[in-house]
Each structure stands twice: as structure tokens, then as C-alpha cells.
> 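Before I ask anything, here is the structure I am working with.
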Amino acid sequence: MAQETVNLEQEVVLVEELGNVRVVTLNNPKQLNIISPKVVEPLAANLEKWEEDEKAKLVIIKGAGRAFSAGGDLKMFYNGRNSKDSCLEVVYRMYWLCNHIHTYKKTTIALAHGISMGGGASLMAPMKFSVVTEKTVFSTPEASIGFHTDCGFSYMLSRLPGRLGEYLGLTGARLNGRELVAAGLATHFVPLEKLPELEKHLLSLNTGDEAAVGSAIKEFSTDVQIDEESILKKQSIIDECFSKDSVADIISSFETEAGKEGNGWIVPVLKGLKRSSPTGLKITLRSIREGRKQTLSECLKKEFRITINTLRARISGDVYEGIRALTIDKDNSPKWDPSTLENVEDEQVNLVFEPFEEDFELKVSENEQDRWDGKYEDSAYCHQ
């Protein structure tokens, strides 16, 4: 059994090779294990190596501290706002990695204790087995800061029951561990106190056999019962309101429902929607709706375009204003531009969805023989 030598002070991704099991620990707890180039590059390199290594049978990903991963490094994006495409490389690598996580050939497990949001949740939800606890918190809050539902979530959210995907994407509503299992975004609920024992048991099994691994996790898991107040109990209202054609119509319908007895839960959700970036909301709704008819690779290519165009502020600088208000000045008073849904024209939204020239698209292959091709190093961006 070999373990790589690591410097705990510097390494934000720790890798252990234990028999046939490979354990990845996201190791930046002070920053809630945010996703940065220091995370994406070693994770991609190791996943490729292990998929081709006959000795590697099972891959486990977990987070150190109180978070699995809080998602992308917002300050990294903000600090690069005045330098053209300063974050393009990490964005490209992340979307390329998302494709391989979804399609990975070995058995994968996420032990997603704690905060698991946005791009961070893209390291949880696509796994063959995703284990959550009573401390797990999930959300996709990107629209609220002028961004969009990314890292494969226009694909995943669009496949949830009814209009739950639109609801989660537009409102950034949080789901707990039990709700994640009930909604189909996680496979097992394991009480936090049992998580170390489960991990130890998986290591002792030393196998990637799906049936054996699934049976082992089931031994430690409990059936989920969701509270009556859970958003998952409001499916009929969500389906009614979030099936409307536009964001404005959704809000209007939601307002009507808020006036009915017993619907007080809608009021704070509405406030959040109305505080969110109008541009972010419109882009997010369209992306999730398109995702229903798109393959995984089509969704990732689309999301890559939207992300790059958003970071280039092609139609709005809202993402930088949203990050400023949330994490830089922390005044929570963003000044959106445009400031209303009515002023975000469909023709403008179209611009962020426009395909790039072929050489500058995200390269993800659906062919088995060349599935690891298309790396950033081989892209037109790297050779500009």
C-alpha cells in the first residue's frame, strides 16, 4: 500500500493510494474547499491515470473540514475582471473535467459532508454513489450573483422531477441531505457519526465492484423521511409557477400563489428572486430549459460558452458586481445593469449562447478511444 508524500500546508488536494482504492481529499477547509486551478489540474490528472490503471478499482472523493466544496473561487474571477480571459484556462479545464466525472469508467463515491454548492456539487451529484449526511447543504445560487447554473447542472437540474430544476436554479434554494436523496441528486443518506466507519469499511473491502460497494453503503445508510415543510412537498406549486414561459411570468405566478393561505414560505423566496440579477435569471432559465433536450456534452459546451461570455462581460458586468456585493464589500446591495427583467432583451441574451468558432469550443469526446483527448494544452486557446 503506497501513500503519496504531501505537504499538508500547501496541498489543496491530497491523494492516497490504498490497495485498490484511491482517496482524494479536498484540503482547503479555511476556504471551504473552493475550486481553483490547484484543485482542477491534479484531480483531472489523477482521474485519467487511475482510469487506465488496472490496480485502481474505486475512487473516493471527500472534503476536509465543514465543507465538501463551496464551488468556484469567486475572488479569483473578480481579481481577473480587468484582464481578458484571465480565468479561461481553469474554466476550460473544469468543464472538461466535469465530462469525465460524469462518464468515469471506474466506481466513484463522493462522501459529501457539509457545504456542497454550485461547481463543488459537480464533484458529488454525478458520482456512481453520492453519500450525504444531516450536515450536507446543497444549492446552485449562481443566478443571484449574475452568473448561471454551470458545471453540468443545466443537464442535471433539467432532469429533476417536474420543474424542480428551474426552481433550484432560479432561486438558489437549499436542500439538505435527506432532500438530496429524495430528489435524486444523491444516492444514500448516512448519519455523520457513521461516516468514518463507512470509509474504513470501504477501504477494507478493497474493491470497485458496484454491487459490493452499493451493499456496503446501504448497510450504513438510513431511509429518508422529508419534513412536511420541505420544498419537495410543494411540487404542485413549483410545477405550476416555474413552468411559465418567462422569468417575469414565473415571478407573477409565484406572487399569486404567495397570497394564498398556507403559502407564507413563498414570501422570502420571492424576495430573493427579486434581488437577483435579471440577466443571470434569464440566462439560467434558458440554459436549464435547453438542457432538457441536450446531451451532457452539449450542455457542457453551452455552459462553457455562457461562462466565457459572462466573464468577458459581453452583455453585462453583473457577475463582477454580484461577487463584489457578496464577497468583496459584503454590502449585499448589488447594482444590476440592466436593473430590470424588462430591460434584458432576448437579443442580448442570445449573444452569450452563440457558438464559438469550432477550434475554440470546449473539446469533449463521446468516443471511447479518444475520450481523454481535448485537453486545454491541445486547445486553440493554449496556442493563441
Side-chain angles (χ1 to χ4, degrees), residues 32-33 58 60-63 65-71 101-102 107-118 120-141 149 152-153 155-202 205 210-239 242 262-263 265-266 268-269 288:
L32 303 179
N33 300 322
L58 175 68
I60 299 174
I61 298 182
K62 61 181 182 175
R66 64 188 181 93
F68 179 70
S69 174
I101 289 173
H102 275 267
T107 303
T108 53
I109 303 174
L111 301 179
H113 157 63
I115 297 166
S116 182
M117 294 184 177
S122 71
L123 305 180
M124 172 200 77
M127 296 297 184
K128 178 61 68 176
F129 300 102
S130 44
V131 177
V132 292
T133 75
E134 66 272 23
K135 296 293 187 180
T136 303
V137 181
F138 164 89
S139 74
T140 48
T149 302
F153 273 103
Y155 179 82
M156 290 182 278
L157 292 184
S158 67
R159 282 153 176 79
L160 294 182
R163 301 293 175 163
L164 182 60
E166 280 99 327
Y167 176 82
L168 295 174
L170 292 175
T171 67
R174 296 185 174 191
L175 297 182
N176 62 36
R178 291 178 175 86
E179 290 170 324
L180 281 168
V181 174
L185 285 166
T187 62
H188 294 82
F189 179 88
V190 173
L192 178 57
E193 62 183 19
K194 292 185 178 181
L195 208 57
E197 193 181 347
L198 167 60
E199 183 180 352
K200 193 179 298 183
H201 185 56
L202 291 169
L205 285 177
E210 278 187 27
V213 170
S215 178
I217 298 173
K218 191 173 182 181
E219 283 181 39
F220 290 82
S221 68
T222 59
D223 293 335
V224 299
Q225 300 291 331
I226 56 174
D227 297 335
E228 283 303 313
E229 310 86 61
S230 170
I231 196 62
L232 301 184
K233 297 281 190 177
K234 321 290 187 186
Q235 189 80 47
S236 60
I237 293 176
I238 288 173
D239 290 352
F242 286 77
N263 284 348
W265 64 273
I266 293 177
V269 181
I288 293 172

> Return the minimal non-hydrogen interatomic distance between Met124 and Ala110, and the atom names on each side.
CA-CB, 3.8 Å

> Given side chains that start at C-beta, do those of Asn176 and Val132 come closer than 4.5 Å, heavy atoms only?
no

> If I take atom NE2 from residue His113 and atom NZ from residue Lys135, how far apart are they, to the nearest 0.5 angstrom?
8.0 Å

> With rounding to the nearest 0.5 angstrom, report the CD1 to CG distance, Ile231 to Leu175.
8.5 Å

> Side-chain atoms of residues 184-196: list all donor-acceptor pairs with protein atoms under 3.5 Å, sequence neighbours left out, distances to 0.1 Å.
unit_1	atom_1	unit_2	atom_2	d
Thr187	OG1	Ser130	N	2.9
Thr187	OG1	Ser130	O	3.1

> Any idea which heavy atoms bring Ala182 and Ile226 closest together, and the distance?
CB-CG2, 4.0 Å

> Rounded at 0.5 Å granularity, tell me how far CD1 in Ile60 sits from CG in Leu202.
5.0 Å

> Of the non-hydrogen atoms in His201 and Ala216, which two are nearest, and what is the gap between them?
CD2-CB, 3.7 Å

> Taking the ring centre of each residue, are Phe138 and Phe153 less than 6.0 Å apart?
yes

> Taking Ser69 for the side chain and Asn33 for the main chain, is one N or O donor matched with an acceptor at less than 3.5 Å?
yes

> Excluding sequence neighbours, so at least two apart, what forms salt bridge (Lys or Arg N to Asp or Glu O under 4.0 Å) with Lys128?
Glu210

> Which heavy atom in Ala125 sits nearest to a heavy atom in Met156, and how many Å separate them?
CB-SD, 3.7 Å

> Give the minimum heavy-atom separation between Ser139 and Ala173, together with the two atoms involved.
CB-O, 3.5 Å

> List in chain and number order the residues that pass side-chain contact (heavy atoms from CB on, under 4.5 Å) with Val269, two or more places apart in sequence or in another chain; answer none if no residue qualifies.
Tyr167, Thr171, Phe254, Trp265

> Using side-chain heavy atoms (C-beta onward) and a distance below 4.5 Å, is Met127 in contact with Ile109?
no

> Looking only at non-hydrogen atoms, find the nearest pair between Pro126 and Ala121 and report the distance.
CD-O, 4.0 Å

> Sequence neighbours left out, what passes side chain to side chain donor-acceptor pair (under 3.5 Å) with Asp227? Give chain and number order.
none

> Report yes if the side chains of Thr108 and Ile61 come closer than 4.5 Å at any heavy-atom pair, otherwise no.
no

> For Lys234 and Asn263, what are the C-alpha separation, side-chain angles and deciding distance, and is it a side-chain contact (heavy atoms from CB on, under 4.5 Å)?
CA-CA 10 Å; Lys234 321 290 187 186; Asn263 284 348; over 6 Å; no

> Run the side-chain contact (heavy atoms from CB on, under 4.5 Å) test against Arg66 and tell me which residues pass, sequence neighbours left out.
Leu32, Ile115

> Is any side-chain heavy atom of Leu58 closer than 4.5 Å to one of Leu205?
no

> Short question: side chain of Ser221, backbone of Lys218 - any donor-acceptor pair under 3.5 Å?
yes

> Does any part of the side chain of Phe68, heavy atoms only, come nearer than 4.5 Å to the side chain of Thr136, both counted from C-beta?
no

> Check side chain to side chain donor-acceptor pair (under 3.5 Å) between Ser230 and all other residues, then give those that pass, not counting sequence neighbours.
Glu179

> Glu199 side chain to Leu111 main-chain N or O, any donor-acceptor pair under 3.5 Å?
no

> Let me confirm one number: the CZ-CZ distance from Phe242 to Arg163, rounded to the nearest 0.5 Å.
11.5 Å

